[in-house]
Each structure stands twice: as structure tokens, then as C-alpha cells.
Amino acid sequence: MSAHDNKHVTNPVFRDVPTSFGEFKDTLTRRHKRECLITQPGKLGQQFETDESLKSDSEIVDRTERKGLEKYWAIITTGAGLFSDGYINNSISSVSTCFSKLYGKAYTESHAIQNVSSIVFVGTVVGQLVFGYLSDHYSRKFSMLFGTTMLIIFTILCAGAWGKGTSGTEPGGLFAALTAWRFFLGIAIGSEYSSGSPAAAEASNLLPAGKRNRWFIWFTNFTIDSGFVVGAFVPLVLLWICKEDHLTPVWRISIGLGAIPPMSLFFLRLRYKEGKQFEKTKFNQSMPYWKIIKFYWFRTAMISIIWFLYDFSSYAFGTYSSIIIGLVLPEDASIYQNFGWNVVFNLFYIPGSFLGAYAADYFGPRLTLTVGLIVQSAIGYGLAGGLEHLKQHIAGFVVMYGIFMTLGEFSAGDNAGCIASKIHATPVRGTLYGIAAMIGKVGAFVGSYVFPTIIRKYGLSAPYYVSSSLCIFSAFISYFFLPDLDQEAMDREDERFIEYLRSSGYDMSRMGVLGTSEHTNVEMVDDSEDSDINKMEHDINVEER
């Protein structure tokens, strides 16, 4: 057993920070062999189950009750709500183009062009914090249903937004009304991150080892990217139907159709069942916040920085994609060409996100994130340097632009959320995942707000230089400062968190569903490569309170 494996008890504040060269070297050496399935003969390509002796009673019950398709259905139900995030945030790019055509300088030379696009991120930040608290203190199901209801209501209100003096040629109070509704819509989107995604991670942990990362990613980030594609395609179809002279129904219907997916999802979520592990380990009183901060401050900060830098670039490029392409297209290009190339660009999200899910299982999410970011930075620098030439060849520009973005999905897009869900224990997963996602959305807000200024002041190549440099910095953080992330990471983190609380003198009877009397076995795992797995069983009595 490594001398460093008990730091979560002996030195919890610095458990993720190497405090000696030997520890630093040992951590880097061991984690690769554990995280990469391709380095473990006999495991690659097999549907191998986790040893049940390593799981708590509640996890074994969960796996017994959720068999076959029900295990996958739980992931679909919890994660699919993020489709709305992709659709709503990307369709606003085409809506913004419609506003530019309809209202001219009243839109393009006002703060509305930034407020309408960016305000949803402010609401999302609020939603991620509020619903993270609700999902941990009450239930994942309650938070998801509440958030889905808000999503339906405020999507419809955005589609029908109106203000005093609004007409087909004069905005009047339209932009103010739309900004207000999109703020509340953002709160609803935030609920999907801090309640739906943690629930999806817990559902994915019931699958065979070797499939957990891909299924989580397919129904979180891949679902968002699917929303991006549909959000770009729907306005194009409506433009074909309504023609250029009738852009008002184009943007209103584009927004309104975003209410249909959450309507369907609401009824599916009524059948969702809480995970047994969550019920057994949730705090039935206020969280020990200071203990949580001491235990999780470093790793939460690291994944939050990575998420911030990813969203800073990704959402800004996505929000202004049709505007960026419009700058590259000839001045006499039609709005059809603008919308059409925007669809092509968004299609590049799909292969990166899909293949990145497999890579996260085979190579581990940390290594996939690191390598993907380095390759993306190389493409970004090349794109920035050759931009003037590429502007003369729109197809070449969109292809390079798309490859740059698909590598972002392959790396940080897929793995930022996956990592954030696995490095935190079940009782605090919603809260801490929500904080990391919140900081990411702050990055999205900052990026979507400053990108127009960067483009106007320094030219179209400047964002690519900035984004590529940030990719290298994120790769450095990922490789050196993120914790181990193998297939058993979630199980191990639950065990270590409980052991830390117990060793720090926390009253363990404060954990578990109120009004129940349970007995939980918590095992400590020695995961060093040169020893067998050793288990220390501790009894935690959760008494009726």
C-alpha cells in the first residue's frame, strides 16, 4: 500500500496536492496504468462487472433492482434534459441574425446584441447553485421535475416575448422582455446541470465497468451537441418555409419549439427512482460545509478552471457562429447561406463528442482531456495564422473551424462534466458539480460578452489565438493536478469521503433518509498496483432521528 493512499484521513486539506517529489512521481506513474483500459490485458473489449465485494449494500440493491434496459433508461431520463441547453443557446445565434435583419442598428449597435445572448448564462449560474443545493438536500427527482417545469414555461414566454412599441420593424420593449424571460430560462437550464447530471452519473455507475464514461457522456455532452445541431437546423427549415421577408415567425417558432423536448421529458421523469446510495448517504441535516471545503477545495478548483476556460471559448464561438461566418462570407451572401453554413459548422460537434465518449473509457477522461486539448490548440494556432487565406475559401474555413470545435468536444466538452461527476462523493455531488458547472457558465458569459469586442478591436483571428493558448493551460492543469479517474473512481470516492467524515469526528447518524434505520458497510480500498485489494469495513449506524 502506498504511503500516500491515506492522505484523505491524515492530511485531507492537501490530499490532492503532491507534497513531495516522490509522491508526485508515484501519482503520475500509477494513475496511467489504472485509468487506461488498453494497458490492462483482458479488460479491453470485455463487459466486465465490478467486484460486488467492493460495493456497499445500497449499491448492490440498486444493481439488483435496475436490470437490463432499466439501467440505461435511468441515464437517458436524467441526462437528456441537457438537449434543451444546446438547443436554446445555439438557436439564439440564428435568432440574433434575424434581429440584425429586422431591426438593424437598433439591435447591432445596442447592448441588446450582448444582453439577449449572454443573460441566459447569468440565470444558469443561479440555477446551478440553487438546484445543486436542492438535489442534495431534498432529492434528485424533485429538482429535475421543478427545473423541467420552469424550462417549459419560460421557453414559451420567450417565444411570445413582446414589449411596448414592438412591431415588425421597431423593437420597442422586445429586447428588454426577452432578456428578462431568458434570465429565468437560464435558471431552468442550470437545474439540468446540478440535478440531472449528478443523477445520470450515479445511474451510469450501475453499468458494467468499461461502459460508464461513454453512457454518461452520450446523454450529457453529446445530448447538448445534438441540441446545437437541431438549434441551427430548425431556423433554416423555418426560413425555407417563411422566406426572408417573414423573419418574425422564424425566430419566434424557433424558440417556441424548444419547449417540446422538456414536455416529453417531464412525464418520463415522473417514473424516476432515487438511487439507493444517495438515499443511504445524503445529509439529513445541514451539510458540514467547512469539512467539505477542506476535503474538496483543490480538485473542485482545478476542474472549475478547466470548465471556465472551455466554456469561455466554446459557448462564445457557438453563440456567435452565424455572425463569425457572416464576416467570412461575401457581403452579398444571403441569409440562407449564413444559416446553411451554420448548420454545417454545428455538425462538426457530433463526431468529436461521440468518439470522445469511447476514448474516455479506453484511455480515461483525464488523459483524453489532456491530449485533446493539445491537439485542439495546434489546430487553433494554424487556423488563426492562415485565416486570411481561408477567408477566400469558405468551405475550407468551415472545415477547419469545425475540426477546431470538434476537438473541443472530444476533450473538455465530453470530459469536464464527466470528471466533475466522478471526483465528488454522492452526498455532495449535486452541490459541488453545480459549483464547477457554475464557474464554467461564468466563463461562457464572459466569453459571449467579450468576443464581439475582441473581434471588433483585434480582428477575427484574435479569438483563436486566445482560445488555443487557454487550451494549453487547461491541458497542463488536467495532466498534473486532477485526481485518479479509473472506472472505480466514484465507488472509491464515496468510501474515502465517509472514512474522512468518520475520522474527523462527524456524527454519522446525521446521514441517511430521515425516519429510517439502516446499516451500511463502508470499505476502504488499497488501490496500489503492487498489492491486493485490502478492505477495512466500518459500520455506520443511521438511526431514526
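Here, residue 1 is the first one in the sequence, and each next residue gets the next number. When reading the values below, keep in mind they use all heavy atoms of this one structure, side chains included, and skip hydrogens, waters and symmetry mates.
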Report yes if the side chains of Tyr87 and Ser226 come closer than 4.5 Å at any heavy-atom pair, otherwise no. no

Closest heavy-atom contact between Pro18 and Asp16? CD-O, 3.6 Å

Specify whether Tyr138 and Phe142 have parallel, tilted or perpendicular ring planes, treating 30° as the upper limit for parallel and 60° as the lower limit for perpendicular. tilted

Nearest-0.5 Å distance that lies between atom CD in Gln128 and atom CD1 in Ile439: 10.0 Å

Just by distance, do the side chain of Thr300 and the backbone of Trp297 share a donor-acceptor pair under 3.5 Å? no

Could you tell me whether the side chain of Gln376 reaches within less than 4.5 Å of the side chain of Phe404, counting heavy atoms only? yes

Of all residues at least two apart in sequence or in a different chain, which pass the side chain to side chain donor-acceptor pair (under 3.5 Å) check with Thr19? Glu23

Test item: Lys282 side-chain N/O and Asp136 main-chain N/O as donor-acceptor pair under 3.5 Å: no

Exercise: do Tyr193 and Asp85 side chains pair donor with acceptor under 3.5 Å: yes

Between Lys294 and Pro12 (side chain of the first, backbone of the second, donor and acceptor by atom type, cut-off under 3.5 Å), is there such a pair? no

State plainly whether the residues Glu35 and Arg366 are in salt-bridge range, i.e. N to O under 4.0 Å. yes

Flag the pair Tyr381 / Tyr464 as yes when their ring centroid distance falls below 6.0 Å, and as no otherwise. no

CD of Glu495 to CE of Met490, rounded to nearest 0.5 Å, is 12.0 Å

What closest approach, in Å, do Met287 and His137 show between heavy atoms, and which atom pair accounts for it? CG-NE2, 3.8 Å

Approximate separation, where rounding is to 0.5 Å, of Ser313 OG and Leu470 CG: 5.5 Å

Please find the pair of heavy atoms, one from Asn213 and one from Pro365, that lie closest to each other, and give the distance. ND2-CD, 3.6 Å

When you compare the side chain of Asp225 with that of Phe354, does any pair of heavy atoms fall below 4.5 Å? no

Is the backbone of Phe278 close enough, under 3.5 Å, to the side chain of Thr426 for a donor and an acceptor to pair up by distance? no

Would you say that Leu501 contacts Met508 through its side chain, given a criterion of any heavy-atom pair below 4.5 Å between the two side chains? yes

Residue pair Ser314 / Glu409, side-chain heavy-atom distance below 4.5 Å: yes

So, Asn415 side chain and Ser411 main chain: donor-acceptor pair closer than 3.5 Å or not? yes

Atom of Leu485, atom of Lys422 and distance for their closest heavy-atom approach: CD2-CB, 4.1 Å

Output the distance between atom NZ (Lys441) and atom CZ (Phe121), rounded to the nearest 0.5 Å. 6.5 Å

Check whether any side-chain heavy atom of Asp311 lies under 4.5 Å from a side-chain heavy atom of Phe445, and answer yes or no. no

Would you say Leu367 and Cys36 make side-chain contact, with heavy atoms under 4.5 Å? yes

Carefully, step by step, assess Arg15 and Tyr296 under the rule side-chain contact (heavy atoms from CB on, under 4.5 Å). CA-CA 9 Å; Arg15 68 175 183 129; Tyr296 281 117; 3.2 Å; yes

Please report the interatomic distance OG1(Thr124) to CD1(Ile189), rounded to the nearest 0.5 Å. 5.0 Å

Show, in sequence, the C-alpha distance, side-chain angles and deciding distance for Phe222 and Ile350, and conclude whether the side-chain contact (heavy atoms from CB on, under 4.5 Å) test is met. CA-CA 7 Å; Phe222 183 76; Ile350 300 301; 3.7 Å; yes

Nearest-0.5 Å distance that lies between atom CZ in Arg212 and atom CD in Gln487: 6.0 Å

Leu432 and Ile292, any side-chain heavy atoms less than 4.5 Å apart: yes

Can the ring centroids of Tyr433 and His424 be said to lie less than 6.0 angstrom from one another? no

Is it the case that the ring center of Trp218 lies less than 6.0 angstrom away from the ring center of Tyr358? yes

By ring-ring contact (aromatic ring centres under 6.0 Å, His included), Phe476 pairs with (sequence neighbours left out) Phe480, Phe481

With sequence neighbours excluded, residues passing ring-ring contact (aromatic ring centres under 6.0 Å, His included) with Phe295: Phe497, Tyr500

Run the salt bridge (Lys or Arg N to Asp or Glu O under 4.0 Å) test on Lys280 and Glu274 for me, step by step, so that the C-alpha distance in whole Å, both residues' side-chain angles and the decisive distance to 0.1 Å come before the verdict. CA-CA 11 Å; Lys280 289 289 184 71; Glu274 295 289 352; over 6 Å; no

Under 3.5 Å, is there a donor on one side chain and an acceptor on the other for Arg140 and Ser143? no

Yes or no on side-chain contact (heavy atoms from CB on, under 4.5 Å) for Val130 and Ile187, after CA distance, side-chain angles and deciding distance? CA-CA 9 Å; Val130 171; Ile187 294 177; 5.9 Å; no

Checking Tyr479 now: which residues fulfil ring-ring contact (aromatic ring centres under 6.0 Å, His included) with it, not counting sequence neighbours? His32

With Phe131, which residues qualify under ring-ring contact (aromatic ring centres under 6.0 Å, His included), at least two apart? Phe146

Worked check of side-chain contact (heavy atoms from CB on, under 4.5 Å) between Phe312 and Val450: CA-CA 10 Å; Phe312 176 86; Val450 304; 4.0 Å; yes

Using a strict 4.0 Å threshold on nitrogen-to-oxygen distance, state whether Glu499 and Arg492 make a salt bridge. no

I'd like to know if the side chain of Thr370 pairs up with that of Ser478 as donor and acceptor (distance under 3.5 Å, no hydrogens or angles considered). yes

Backbone N/O of Pro198 and side chain of Ser421: donor-acceptor pair under 3.5 Å: no

Minimum heavy-atom separation for Asp414 to Ser353, with atom names? OD2-O, 2.7 Å

If I compare all heavy atoms of Ser204 with all of Ile75, which pair ends up nearest, and what's the gap? CA-CD1, 3.6 Å

Sorted by chain and number, sequence neighbours left out, side-chain contact (heavy atoms from CB on, under 4.5 Å) with Glu192 holds for Leu82, Thr148, Arg269

